[in-house]
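Worksheet: one structure, shown below.
Nothing here was measured: the structure is a model prediction, and the numbers come from that model.
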Amino acid sequence: MSDRTSDPATETFVAHRNLLFTVAYEMLGSAADAEDVLQETWLRWVEVDLEQVQDQRAYLVRITTRQALNRLRAMTRRKEAYVGPWLPEPLLTAPDVAQDVELAESVSMALMLVLETLAPTERAVFVLHEVFDVGYDEIAEAVGKSPAAVRQIAHRARRHVDARRPRQTASPSRTRAALASFQRALETGDLQGLLDVLAPEVVLMSDGGGVKHAALRPVTGADKVVRMFGGGIGRLDAVLTTEPTVVNGSPALLVRLDGELDGIMAVRVEDGRITGLYYVRNPEKLTHVQSEIPLTLR
């Protein structure tokens, strides 16, 4: 694309690239797959007669949605063979993402995991309508359904998500405070400190992808979670350090063992205590935490 920067098709694509990536990522939960979708979108976009396109942004979103939906269906089969829990690929995000409450919630680990429980078409309809405010007629063209069918799918998906999404969204400051307490307790081995910051019903999900050690099922309950952390992360002789960062628009921790990146720890906080811990250790999912990824809803 770099050798066609003066081409109107290229200029339009570049202008909307961050939006298209965000659409694809929210549908897929994978930055690597979202990048592939953007490449597929570009290849189809350059074949379009732009004079016949009334709304180029909408047309690009439509292409991206179709490509993402195809990939999402293929990923569903891939996830069935995945070792242990599958967590979304974490993204290192810019400060403006955290400041946009709507955007930050839409890419949060907690909500992205809820979206994983939707069927592919339901997820596409929910993301386009609820997150990006795309109209039913436009969505219908993108997913190959009638507007009436899309309305029904949207209603069903919204009800499904509302029943499973976090009861409340903690402010970034409260999340940072809870995460700081967790960080201190984890680095010092303060088991009581961990119990104090974890909600009794906390759920830990760890994703090693069969490459790194991780629990094969979600671990529920503060006592069980603390026992897991009490047993150490990785090698027992390794020096564990953590570093605050912002992942998917929310405060998180970079976890290092002997200075090497071991994983990303994201959290869900409710009433000042941690109710969800999401630990991504799979190396294939840690490639987008080295530099900030621009996201946008517009």
Side-chain angles (χ1 to χ4, degrees), residues 1-50 52-75 88-94 96-97 100 102-108 111-112 115-116 118 120-145 150 154 157 247-249 285 287-289 291-298:
M1 288 187 287
S2 59
D3 59 346
R4 300 183 62 183
T5 52
S6 61
D7 180 12
T10 303
E11 292 175 358
T12 302
F13 185 86
V14 170
H16 296 300
R17 188 188 187 285
N18 292 347
L19 169 67
L20 302 178
F21 177 86
T22 309
V23 169
Y25 174 72
E26 293 208 19
M27 283 185 60
L28 301 170
S30 165
D33 285 283
E35 291 285 3
D36 288 344
V37 163
L38 257 62
Q39 182 64 28
E40 293 162 3
T41 298
W42 162 253
L43 293 175
R44 284 157 179 77
W45 175 243
V46 293
E47 300 299 325
V48 172
D49 181 358
L50 297 188
Q52 302 299 316
V53 179
Q54 292 184 338
D55 186 336
Q56 295 183 355
R57 176 184 180 276
Y59 198 96
L60 277 166
V61 169
R62 192 182 312 155
I63 299 175
T64 300
T65 300
R66 287 174 179 168
Q67 299 309 311
L69 195 50
N70 290 338
R71 187 165 289 257
L72 184 57
R73 289 171 178 139
M75 286 177 67
E89 184 178 350
L91 304 181
L92 185 66
T93 46
D96 60 337
V97 174
D100 186 330
E102 185 180 2
L103 175 57
E105 183 187 7
S106 73
V107 295
S108 68
L111 185 59
M112 294 284 282
L115 296 183
E116 286 296 319
L118 292 171
T121 301
E122 288 179 331
R123 182 167 183 169
V125 170
F126 180 89
V127 166
L128 290 176
H129 185 65
E130 298 294 326
V131 179
F132 296 94
D133 199 28
V134 178
Y136 291 124
D137 290 348
E138 216 172 296
I139 297 174
E141 290 191 46
V143 301
K145 302 281 186 181
V150 166
V247 168
N248 288 51
K285 294 186 178 183
T287 59
H288 288 81
V289 294
S291 57
E292 292 178 353
I293 304 294
L295 301 173
T296 182
L297 298 181
R298 297 159 193 88

Kindly indicate whether the side chain of N248, heavy atoms from C-beta on, has any atom under 4.5 Å from the side chain of S108.
no
Test V61 against L128 for side-chain contact (heavy atoms from CB on, under 4.5 Å), laying out the working first.
CA-CA 9 Å; V61 169; L128 290 176; 4.0 Å; yes
Could you check if a side-chain atom of L297 sits within less than 4.5 angstrom of a side-chain atom of E26, using non-hydrogen atoms only?
yes
Are any non-hydrogen side-chain atoms of M27 and R71 less than 4.5 angstrom apart?
no
For the pair E89 (side chain) and A32 (backbone), establish whether a donor and an acceptor sit closer than 3.5 Å, ignoring hydrogens and angles.
yes
For the CG atom of L69 and the OG1 atom of T64, what is their distance to the nearest 0.5 Å?
12.0 Å
Pair T65, E138 - check side-chain contact (heavy atoms from CB on, under 4.5 Å), show working.
CA-CA 11 Å; T65 300; E138 216 172 296; over 6 Å; no
Atom CD in E40, atom CD in E35: separation rounded to 0.5 Å?
11.5 Å
Write down the atom of L72, the atom of P120, and the distance for their closest heavy-atom approach.
CD2-CA, 3.5 Å
Taken to the nearest 0.5 Å, the spacing of I139 CD1 from F126 CZ works out to 11.0 Å
Let's go through T93 and E292 carefully: what are the C-alpha distance in whole Å and the side-chain angles of both, what is the deciding distance for side chain to side chain donor-acceptor pair (under 3.5 Å) to 0.1 Å, and is it a yes or a no?
CA-CA 5 Å; T93 46; E292 292 178 353; over 6 Å; no
From CG (L20) to CD1 (I63), nearest 0.5 Å
9.0 Å
Going through the checks in order, is the side-chain contact (heavy atoms from CB on, under 4.5 Å) test met by L60 and T12?
CA-CA 9 Å; L60 277 166; T12 302; 3.9 Å; yes
Between H288 (side chain) and A31 (backbone), is there a donor-acceptor pair under 3.5 Å?
no
Heavy-atom closest pair (G249 atom, V97 atom, distance to 0.1 Å) is CA-CG1, 3.7 Å
Answer yes or no: is there a side-chain heavy-atom contact under 4.5 Å between V125 and Y136?
no
Side-chain donor/acceptor of R66 to backbone N/O of E141, under 3.5 Å
yes
With distance as the sole test, does R62 use its side chain to make a donor-acceptor pair with the main-chain N or O of A142 at under 3.5 Å?
no
Centroid-centroid under 6.0 Å between W45 and F13 rings
no
Atom OG of S291 and atom CG of L91: how far apart are they, to the nearest 0.5 Å?
10.0 Å
Straight-line distance of S30 OG to D36 CG, nearest 0.5 Å
8.0 Å
Apply the test side chain to side chain donor-acceptor pair (under 3.5 Å) to residues Q67 and T41: give CA-CA distance (whole Å), side-chain angles for both, the deciding distance (0.1 Å), then the verdict.
CA-CA 7 Å; Q67 299 309 311; T41 298; over 6 Å; no
Nearest heavy-atom contact between Y25 and P88 is OH-CB, 4.3 Å
So do Q54 and Y59 actually touch side chain to side chain, heavy atoms under 4.5 Å?
no
Given side chains that start at C-beta, do those of F21 and V37 come closer than 4.5 Å, heavy atoms only?
no
Answer yes or no: is there a side-chain heavy-atom contact under 4.5 Å between E105 and V131?
no
Between D100 and R298, does the salt bridge (charged side-chain N to carboxylate O under 4.0 Å, His left out) criterion hold? Intermediate values first, please.
CA-CA 12 Å; D100 186 330; R298 297 159 193 88; 3.4 Å; yes
For L103 and T22: C-alpha separation, side-chain torsions, deciding distance, then whether side-chain contact (heavy atoms from CB on, under 4.5 Å) applies.
CA-CA 10 Å; L103 175 57; T22 309; 4.3 Å; yes
Within a strict 4.5 Å, meaning less than it, do heavy atoms of the S106 and F132 side chains meet?
no
When you measure from the side chain of N18 to the backbone of T296, do you find a donor-acceptor pair of N or O atoms at a distance under 3.5 Å?
no
